[in-house]
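The structure appears below as structure tokens.
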Amino acid sequence: MNPDRKIPKVYARIWGAVKKIPRGRVSTYGAVARLAGLPGQARLVGYAMFNLPEGSGVPWHRVVNARGKISLPPGRESARRQLALLKREGHRFVGGKIDLKSAGWPVRAFTR
DNA sequence: CTGGTGACCATTA
DNA sequence: TTAATGGCCACCA
């Protein structure tokens, strides 16, 4: 219970899109925004991730920025967790980033 | 109502 | 290649 805070509708929409990212793949804030029907609102996706409650079951770690890098400040706890989770799913960081052309999702968005 | 903010992005130089 | 800039808009105080 504790409905102290209501869950904004946009967040739910964004989280729903993030849940669709398959294991072993990653997406970007901009791509997630599009999937959620909110084109051009990448910043909102970041905002939604920041406000993501723990234990939500949303694979937030599969969302990286347009450069294929982790957007969190290096050294921060969540950043290390994200890195660990991604490696655990078989991702390889070359030059500190993931190759979106091969691991990006939806594939369509990164293969043209 | 207003103004500040942000786990972003594409463009430009 | 990097750095700066404007745009985007829900959320919050």
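Every chain is numbered from 1 and lettered A, B, ... according to where its sequence line falls, protein lines coming before strand lines. Quick caveat: nothing in here was measured; it's all calculated off a predicted structure.
Distance CZ (A/Arg13) to P (C/dC11): 13 Å, rounded to an integer number of Å. Rounded to whole Å, the distance from CG on A/Leu52 to P on C/dC11 is 15 Å. When the C1' atom of C/dT1 is taken as reference, atom CZ of A/Arg67 falls 12 Å away, rounded to whole Å. Protein atom CZ of A/Arg76 is 11 Å distant from nucleotide atom P of B/dG6, rounded to whole Å. We find that CG of A/Asn51 is positioned 15 Å from C1' of B/dC8, with the value rounded to whole Å. One can place CD1 of A/Ile14 at 14 Å from P of B/dA7, the figure rounded to the nearest angstrom. Between A/Leu38 atom CG and C/dC11 atom C1' there is a gap of 14 Å when expressed in whole angstrom units. What separates CZ of A/Arg34 from C1' of B/dC8 is a distance of 15 Å, to the nearest Å.
Put simply, the side chain of A/Tyr47 and the base of C/dA10 share no donor and acceptor less than 3.5 Å apart.
A continuous path of ILVMFWY side-chain contacts below 4.5 Å connects A/Leu85 to A/Leu52, so both sit in one hydrophobic cluster.
For A/Arg76, the CZ atom counts as loosely surrounded, since its 6.0 Å shell holds 12 or fewer non-hydrogen atoms of other residues, nucleotides or ligands.
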- Item | A/Phe93 and A/Leu83: CA distance, side-chain angles, deciding distance, side-chain contact (heavy atoms from CB on, under 4.5 Å) verdict | CA-CA 9 Å; A/Phe93 284 78; A/Leu83 180 61; 3.4 Å; yes
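Among C/dC11, B/dA10, C/dC9, the nucleotide with an atom closest to any side-chain atom of A/Gln41 is C/dC9. Among the nucleotides B/dA7, C/dC8, B/dC9, the one closest to the side chain of A/Arg43 is C/dC8. Checking C/dC11, B/dC8, C/dC9 against every side-chain atom of A/Leu44, the shortest atom distance belongs to C/dC9. Counting only heavy atoms from C-beta on, A/Phe50 has its side chain closest to B/dA7 among B/dC9, B/dA7, C/dG7.
Proximity of A/Val64 to A/Ser71: side-chain heavy atoms (C-beta onward) are nowhere separated by under 4.5 Å.
With rounding to the nearest 0.5 angstrom, the CD1 atom of A/Ile70 is 9.5 Å from the CG atom of A/Asn65.
Between A/Gly40 and A/Tyr11, the residue anchored nearer the 5' end of DNA chain C, judged by the nucleotide with its closest heavy atom, is A/Gly40.
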